Amino acid sequence: QVQLLESGGGLVQPGGSLRLSCVASGSIFSINDMAWYRQAPGKERELVATITSSSRTYYADSVKGRFTISRDNGKNTVYLQMNSLKPEDTAVFLCNAEVRGTPYSSSRRNYWGQGTQVTVYS
């Protein structure tokens, strides 16, 4: 089994910054794509940013130029630096990782964290 644990959420005023972290632990041989999603009350979960094992990145249009995703493969950790935060960024942010659990099989499985709350208030 694999566990993902997010941290770094909190309350911040518009224009402020937060840095989210997500650490993967458990039966991990390698991690392919890692991603951050968010879900606001009454809305569907949406993709915020992804990063491949070779650090290629993708961002949703709504966060381009404000958020930066990065990873530390040695620590099985993905980060999300969020700058110039807006009230519409308020959501639960969830980490996702595609994990290969053993060198004896090429199969991969997606795992989710529990989420960390980000609230941007004025």
Side-chain angles (χ1 to χ4, degrees):
Q1 275 292 353
V2 172
Q3 297 79 41
L4 301 182
L5 181 61
E6 302 101 333
S7 62
L11 297 171
V12 64
Q13 292 186 324
S17 299
L18 286 173
R19 188 190 194 213
L20 306 183
S21 300
C22 172
V23 181
S25 62
S27 300
I28 299 171
F29 173 69
S30 64
I31 302 177
N32 297 315
D33 293 354
M34 302 186 82
W36 287 97
Y37 287 74
R38 66 185 179 186
Q39 187 162 19
K43 295 188 177 181
E44 293 188 355
R45 187 172 296 184
E46 64 171 346
L47 177 64
V48 175
T50 65
I51 185 167
T52 69
S53 57
S54 58
S55 293
R56 291 183 65 182
T57 59
Y58 162 84
Y59 297 93
D61 287 343
S62 58
V63 306
K64 278 181 183 176
R66 300 188 298 122
F67 291 9
T68 302
I69 189 171
S70 60
R71 65 191 284 172
D72 184 331
N73 291 331
K75 295 181 179 180
N76 290 334
T77 300
V78 63
Y79 305 97
L80 186 68
Q81 177 66 43
M82 304 186 295
N83 299 327
S84 302
L85 282 160
K86 304 175 181 179
E88 52 263 43
D89 293 318
T90 296
V92 174
F93 281 71
L94 303 108
C95 174
N96 177 273
E98 185 184 52
V99 177
R100 180 179 172 185
T102 168
Y104 309 109
S105 171
S106 61
S107 64
R108 300 163 187 160
R109 182 176 170 181
N110 261 291
Y111 293 90
W112 290 91
Q114 293 293 319
T116 184
Q117 177 70 45
V118 171
T119 303
V120 185
Y121 70 101
S122 54

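Both backbone and side-chain heavy atoms feed into the values below; hydrogens, waters and symmetry mates do not. Only a predicted model underlies this, so the values are computations on that prediction, with no experimental measurement involved.
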Looking only at heavy atoms, what is the nearest atom pair of [X] and [Y], with distance?
| X | Y | result |
| --- | --- | --- |
| A40 | A91 | N-CB, 3.9 Å |
| I51 | S70 | CD1-CA, 3.7 Å |
| Q81 | S17 | NE2-CB, 4.0 Å |
| L47 | A35 | CD1-CB, 4.1 Å |
| M82 | L20 | CE-CG, 3.7 Å |
| V120 | T90 | N-OG1, 2.9 Å |

For W36 and F67: C-alpha separation, side-chain torsions, deciding distance, then whether ring pair (Phe, Tyr, Trp, His ring centres under 6.0 Å) applies.
CA-CA 11 Å; W36 287 97; F67 291 9; over 10 Å; no

Kindly work out whether a path of hydrophobic side-chain contacts (I/L/V/M/F/W/Y, heavy atoms less than 4.5 Å apart) joins [X] to [Y].
| X | Y | answer |
| --- | --- | --- |
| M34 | V23 | no |
| V99 | L94 | no |
| F93 | L18 | yes |
| V92 | L80 | no |

Would you compute the distance between atom [atom1] of [X] and atom [atom2] of [Y] and round it to the nearest 0.5 angstrom?
| X | Y | atom1 | atom2 | value |
| --- | --- | --- | --- | --- |
| R66 | Y59 | CZ | OH | 12.0 Å |
| C22 | Q114 | SG | CD | 11.0 Å |
| T68 | N83 | OG1 | CG | 6.5 Å |
| T50 | N32 | OG1 | CG | 12.5 Å |
| Q39 | E44 | CD | CD | 8.5 Å |
| S25 | Q1 | OG | CD | 10.5 Å |

If you measure from the Lys or Arg side-chain nitrogens to the Asp or Glu carboxylate oxygens, is any gap between R38 and E46 under 4.0 Å?
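E46 and R38: salt-bridged.
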
Classify the side-chain pair D72/T77 by whether it contains a donor and acceptor separated by less than 3.5 Å.
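Distance-only check fails for D72 and T77.
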
Given the rule in the side-chain contact (heavy atoms from CB on, under 4.5 Å) test, do R45 and W112 qualify, once you have shown the distances and angles that lead to the verdict?
CA-CA 12 Å; R45 187 172 296 184; W112 290 91; 3.4 Å; yes

Run K64 and D61 through salt bridge (charged side-chain N to carboxylate O under 4.0 Å, His left out) and show every step you take.
CA-CA 5 Å; K64 278 181 183 176; D61 287 343; 3.2 Å; yes

Can you check side-chain contact (heavy atoms from CB on, under 4.5 Å) on V12 and T119, steps first, answer last?
CA-CA 6 Å; V12 64; T119 303; over 6 Å; no

Take a 6.0 Å sphere around OH of Y104 and say whether it holds more than 12 heavy atoms from other residues, nucleotides or ligands.
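No, because the 6.0 Å sphere around OH of Y104 holds 12 heavy atoms or fewer from other groups.
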
Has the side chain of [X] got a donor or acceptor atom that lies under 3.5 Å from a matching backbone atom of [Y]?
| X | Y | answer |
| --- | --- | --- |
| R100 | S105 | yes |
| E6 | G115 | yes |
| R109 | V2 | no |

Take S30 and R108 through the side-chain contact (heavy atoms from CB on, under 4.5 Å) test and state the conclusion after the steps.
CA-CA 9 Å; S30 64; R108 300 163 187 160; over 6 Å; no

Any side-chain heavy-atom pair of R71 and S53 under 4.5 Å:
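In contact.
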
Among V48, V78, V63, which one satisfies side chain to side chain contact (heavy atoms under 4.5 Å, CB included) with I69?
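The side chain to side chain contact (heavy atoms under 4.5 Å, CB included) with I69 is passed solely by V78 among V48, V78, V63.
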
